[in-house]
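Working notes, structure below.
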Amino acid sequence: MRGTEKALVALGVLALVVAPFFFYPVFVMSMLCFALFAAAFNLLLGYTGLLSFGHAAFFGGAAYFTAHSVKVWGVPPELGLLIGMAGAALLGLIMGLLAIRRQGIYFAMVTLALSQMFFFFCLQAPFTHGEDGIQGVPRGHLLGFIDLYVPLNMYYFVLAVFLIGVFAIWRIVNSPFGMILRSIRENEPRAISLGYGVGRYKLAAFVMSAALAGLAGGLKSLVFQFATLTDVTWQMSGEVILMTLLGGIGTMVGPIVGAGLVIALQNSLATSQFPVTVVTGAIFMICVLVFRRGIVGEVIAFAKRYGSR
Amino acid sequence: MSDVTPLRQRRAKAGEPVLSARGLRKEFAGFVAVKDVSLDLHDGQIKALIGPNGAGKSTVFNLLTKFLKPTAGTIAFMGQDITRLDPARVARLGLVRSFQISAVFPHLTVRENVRVALQRPQGLGHQFWLGLGSLERLDARADELLADVGLTEHAGHLAADLSYGRKRVLEIATTLALDPRVLLLDEPMAGMGHEDVGHVAQLIARVAEDRALLMVEHNLKVVADLCDEIVVLQRGEIIAEGDYATVSRNPQVREAYMGTAYIEDGHG
């Protein structure tokens, strides 16, 4: 099983390496940004059991921070991404401190309320330029010498950041810390009775998830050279939930597949007669009714049943 | 299982109590669930908390382990006042509880369940940058604990796939991984088959040898066999205290259990 897993991962990475020769690079890059966003969100929902309805604040917030720092302060793109991540982590710390005191639906509502407050801040704050957003964000030169205006350079930069981000999530999930997160998801009172201060674990997971969602948002602002109000709306928080559920919560690959599917659908339906939201909504309903575990979750369950025979 | 061979030697209490509660009271929106409960627990002692449904046993348990905050009263653990501490902190001090509904981590393997308990005392709780290989050095101890309770052959299974009785056993193994000074077991035999009851009773007798143990239990035969002292709770108050013989003669206790047959059956 470990062998086949490794082979599948290698195959996936290979497919992403050759993808820009077959597809429009910006399209694949936007997929990668959303895939990283969904994977970061899943760190919280799938592996800690916390449903945040405010992750757009980290994604869109970091996009503003990165865009502002590279455009106005003139910092190099790699530093811009780090600034975006740090900003998202700080936001995550503030939101997390307030939200983790509550559970279930109340947790989701607190995160939603706080992200709406952040949305209002973004609408009003001068540096975000309100409805216009931050336009014409320069991609700059990576490490001072790699020109990111060259499409393939940019693509491989995005792919590298994506892989590093996903590796970081995989590492967190499969670490001593990740084991405790899973035990909290499985049975919180029991984790407490074993002496774990679960509040601190949840907060740490929340901040990590926010920072990685921020990495995805910052990256997106460099890809599109644009940071927009759309990315901080509550609809964006909903979209990432949809992507994650569609792909399969609590699986490494699920959110990536889910994000890819949603972005591909949006892309292909944008030019057709069908209304995008109705089609994605219908697919989402079918998924929830037919494959409860999400696409990847069902595949894994099937492989296990098949494998055990 | 017969009464001819007692499961354990009764111990006399000696010295200072490890756990001592004084005047515990808990009110829920005007309703008094527990009033003026005081109890002491000594090293090497097994104490049972019994009483009819709704008597407040679980509430007392939650108060002692800090899952609930008492309205009034104090709790001391090894001479230290723990009345205001949070539950995780109390667990770290060595006062560890089990739950009425079996508390395992269902989607972790049996070995991982025990290992999670070992991680914190070994300082392996917060490392998010290390791989799972770093936990392998805990496996030997985890396997030892599993062997001790007879779960070796299930180490690699998901806890969710265990039978109910084995889940309870796993829970005890997980609790023992913390090497607690005081163990509080909330209905360890609830819903268990006859064979499992005997098995778990022996396990409890064994683990109680070098620690103090308080259990809520409905199976009076188990209580009679295992416990040095019994505290009977009714409507949130202690109505009787003492060894099994004393308690079972108490008319108030007989009445609380509605008819004498039940409690005598327990002994027979």
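All chains are named by letter (A, B, ...) in the order of the sequence lines, taking the proteins before the strands, and each is independently numbered beginning at 1. Predicted model only: the values in this text are computed from it and were never measured. Below, each value reflects all heavy atoms present in this structure, side chains not excepted, and no hydrogens, waters or symmetry copies.
For a residue to count as touching a neighbouring chain, one of its non-hydrogen atoms must lie under 4.5 Å from one of that chain's; by this rule A:R171 touches chain B with backbone and side chain alike. For chain A, the nearby parts of B:L132 are the backbone and the side chain; heavy atoms of each come within less than 4.5 Å. Residue B:T65: no heavy atom, backbone or side chain, is found under 4.5 Å from chain A. Only the side chain of B:L135 comes within contact range of chain A, with heavy atoms under 4.5 Å apart.
When each of A:F37, A:F41, A:F65 is paired with A:F59, the ring-ring contact (aromatic ring centres under 6.0 Å, His included) condition holds for A:F37 and for no other.
Between B:H126 and A:F177, a ring centre-to-centre spacing not shorter than 6.0 Å is recorded.
Crowding of B:F28 atom CZ: a count of heavy atoms from other residues, nucleotides or ligands under 6.0 Å exceeding 12. Within 6.0 Å of atom CZ in B:R89, 12 or fewer heavy atoms from other residues, nucleotides or ligands are found, so the atom counts as exposed in its surroundings.
Along residues 195-213 of chain A, the residues that come nearer than 4.5 angstrom to chain B, judged on non-hydrogen atoms, are A:G195, A:Y196, A:G197, A:Y201, A:M208 in order of number.
Of all non-hydrogen atoms in B:L151 and B:V169, the two that sit nearest each other are CD1-CG1, 4.1 Å.
Ranking A:A168, A:P189, A:A191 against chain B, the residue ahead of the rest is A:P189, based on heavy-atom pairs under 4.5 Å. Comparing B:L93, B:V90, B:L108 by heavy-atom pairs within less than 4.5 Å of chain A, the highest count is held by B:L108.
Taking the ring axis of B:F67 as reference, the NZ or CZ atom of B:R97 stays within 45° of it and closer than 6.0 Å to the ring centre.
Salt-bridge formation is detected for the pair B:E27/B:R25: a Lys NZ or Arg NE/NH1/NH2 atom is positioned less than 4.0 Å from an Asp or Glu carboxylate oxygen. Using a 4.0 Å cut-off between charged side-chain N and carboxylate O, B:D40 and B:R22 make a salt bridge.
A:T244 and A:N42 form no side-chain donor-acceptor contact under 3.5 Å, judged by distance and modelled atom types alone.
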